[in-house]
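Chain naming here is simple, since letters A, B, ... match the order of the sequence lines and numbering starts at 1 in each. These numbers were taken from a predicted model, which means no experiment stands behind them.
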2 protein chains.
Amino acid sequence: MTQHDRRIDKTQKALKSALIKLMEEKDMRQITVTEIVKEADVNRGTFYKHYEVKDDLLEATIHEVIESLIQAYRHPYLNKETFTMKDLSASKIKLFEHVAANADFYRVIMLHPSVLPGFQNRLCEVLKKLSIQDLMFIHNMGTIDVDLQASYQSHALFGMIFEWVKGGFKYTPEHMAQQLLEILSNQPFSSGYQTILNK
Amino acid sequence: MTQHDRRIDKTQKALKSALIKLMEEKDMRQITVTEIVKEADVNRGTFYKHYEVKDDLLEATIHEVIESLIQAYRHPYLNKETFTMKDLSASKIKLFEHVAANADFYRVIMLHPSVLPGFQNRLCEVLKKLSIQDLMFIHNMGTIDVDLQASYQSHALFGMIFEWVKGGFKYTPEHMAQQLLEILSNQPFSSGYQTILNK
DNA sequence: TTATAATTGTTGATTTAACAACATTTCAGT
DNA sequence: ACTGAAATGTTGTTAAATCAACAATTATAA
């Protein structure tokens, strides 16, 4: 079992936040380790105890956000074999709460995509995998290509997040989740999905 | 000379913030050391390295805020023998900035005064001393009792801060300072003060 | 009242972070 | 191309914070 020393979490968190903050101003290549530790209010030597190079910190930062996203999304499904409308709603709320909790990060991703080229697609990949798991629950017996549908849904979800971040988080996570569910149920020709959800 | 180890500042800051946060919920007597260190995410043993009892932390917290207030107020006067309208304005801006920077603390003071009985008066005392120093600059040769005038001004200033905090900091520090100066110059019968300021 | 739980101080061993100093590398401006 | 400055890695020492465990005190409830 891993010893949990809070000092480790604190410094790593400080370094990650510092990196995100600096990414709002400048490109990754222009950010120096010295700048990061200054922003994080941490000794430079401490940085090298945790990470060998700058990109290690970046990767750790991204990894943490993505893991948090997955956990948030899956949380309502924990230890469940069937899932109801409520679980679906709770999952979306958790998702938007996650985005709000990592607002600084998502602001960088959405408003300065060139800082982390390709990350938007990486994010959609994650959302797609989560969507696929949702679709598995629904036992779609039709002729719909799961990948196509999942890609459709994940990018749509990304779009909602994008709009939310761009607009400065003007709505609550609950409101965003509700909007999403209403959009889903108002799709033209939507029938099978609806019948499953309404019960 | 004191060694400046950031860890000391960090933990003390964490403990102070935790205390302020807890004071928004409950009375000082109901707050335990265990609660504080949990909120501050600090080991309990660490608390006792810095403070012997709860009230030491409280006193340190208050002391820091008051010192910060005094420094903010005096900052524009540093190394000056005369002072102009600009310095006066800058001083008030700094003051309101200080309040905004310590918003959590002032929210407790203003909205839950019973948590720290008598502190509002203590705050006014500080403001009064600062006011007296201002009045010294002006060489008031008249028959005005300096203590009376300073008390008048300091409580008035307190009132503005009170209104600002209570309203949820809806205005900027600059706007608050400007309002104060306009109120000052619009006092009925104000003449001497005005002629000094306008130049 | 008594029992149970929670909080309090205190301790010692261990780990992490701070600091300062260093040689090296990279960068920017002349 | 040259030079001073900035950034990078690395090191050893020191000091702070963690953790766990403890007895003692204080609340809380049965």
How far does the helix from C:dT1-D:dA30 to C:dT26-D:dA5 bend, going by the axes of its first and last five pairs, to the nearest 10°? 60°
At under 4.0 Å between heavy atoms, how does the protein contact nucleotides 4-10 of chain C? Give one character per nucleotide, 5' to 3', with B, S or -. ---SBBB
Under-3.5 Å N/O pairs linking protein and nucleotides 15-17 of chain C:
unit_1	atom_1	unit_2	atom_2	d
C:dT15	O2	A:R7	NH1	3.2
C:dT15	O2	A:R7	NH2	2.8
C:dT16	O4'	A:R7	NH2	3.4
C:dT16	O2	A:R7	NH1	3.3
C:dA17	OP1	A:R7	O	3.2
C:dA17	OP1	A:T11	OG1	2.8
C:dA17	OP1	A:H50	NE2	3.3
C:dA17	OP2	A:H50	NE2	3.1
C:dA17	N7	A:K49	NZ	2.6
C:dA17	N3	B:R7	NH1	3.1
C:dA17	N3	B:R7	NH2	3.4

In whole angstroms, how far is the C1' atom of D:dT8 from the CD1 atom of A:I36? 12 Å
Between B:E25 (side chain) and B:L22 (backbone), is there a donor-acceptor pair under 3.5 Å? no
Spatial distance of atom NZ (A:K166) from atom CD1 (A:I161) [nearest 0.5 Å]: 14.0 Å
So, does A:S151 use its side chain to make a donor-acceptor pair with the main chain of A:L148 at under 3.5 Å? no
Take the angle between the ring planes of A:Y73 and A:Y77 and call it parallel below 30°, perpendicular above 60°, tilted in between. perpendicular
How long is the straight-line distance from CG of A:L180 back to CD1 of A:I93, given to the nearest 0.5 Å? 10.5 Å
To the nearest 0.5 Å, atom CG of A:L95 lies from atom CG of A:L130 at 8.5 Å
Hey, mind stepping through B:Q178 and B:E182 against side-chain hydrogen bond (donor to acceptor under 3.5 Å, both in side chains) and telling me if it holds? CA-CA 6 Å; B:Q178 196 194 338; B:E182 285 185 24; 3.0 Å; yes
Can you sort out which residues in residues 13-28 of chain B have a heavy atom within less than 4.0 Å of DNA chain D? Ascending by number, please. none
Pick one: which of A:K128, A:R74, A:K92, A:K129 meets salt bridge (Lys or Arg N to Asp or Glu O under 4.0 Å) with A:D134? A:K92
Which atom pairs, one a donor and one an acceptor, fall under 3.5 Å between side chains of residues 55-62 of chain A and the rest of the protein, sequence neighbours left out?
unit_1	atom_1	unit_2	atom_2	d
A:D56	OD2	A:E52	N	3.2
A:D56	OD2	A:V53	N	3.4
A:E59	OE2	A:R122	NH2	3.1
A:T61	OG1	A:L57	O	2.7

Please output the side-chain donor-acceptor pairs of residues 8-15 of chain A that fall under 3.5 Å, not counting sequence neighbours, one pair per line with the distance.
unit_1	atom_1	unit_2	atom_2	d
A:K10	NZ	B:D41	O	2.7
A:T11	OG1	A:R7	O	3.0
A:T11	OG1	A:I8	O	3.1
A:T11	OG1	A:H50	NE2	3.4
A:Q12	NE2	A:H50	ND1	3.0

Between A:S131 (side chain) and A:L127 (backbone), is there a donor-acceptor pair under 3.5 Å? yes
Atom-to-atom span, NZ of A:K38 to C1' of C:dA18 - whole angstrom: 18 Å
For the atom pair CD (B:E64) and NZ (B:K16), what is the distance rounded to the nearest 0.5 Å? 3.5 Å
Interatomic distance, A:Y51 OH vs D:dT8 C1' [rounded to whole Å]: 18 Å
Rounded distance (Å) that lies between atom P of D:dA17 and atom CZ of B:R6: 14 Å
Do the ring centers of A:Y171 and A:W164 come within less than 6.0 Å of each other? no
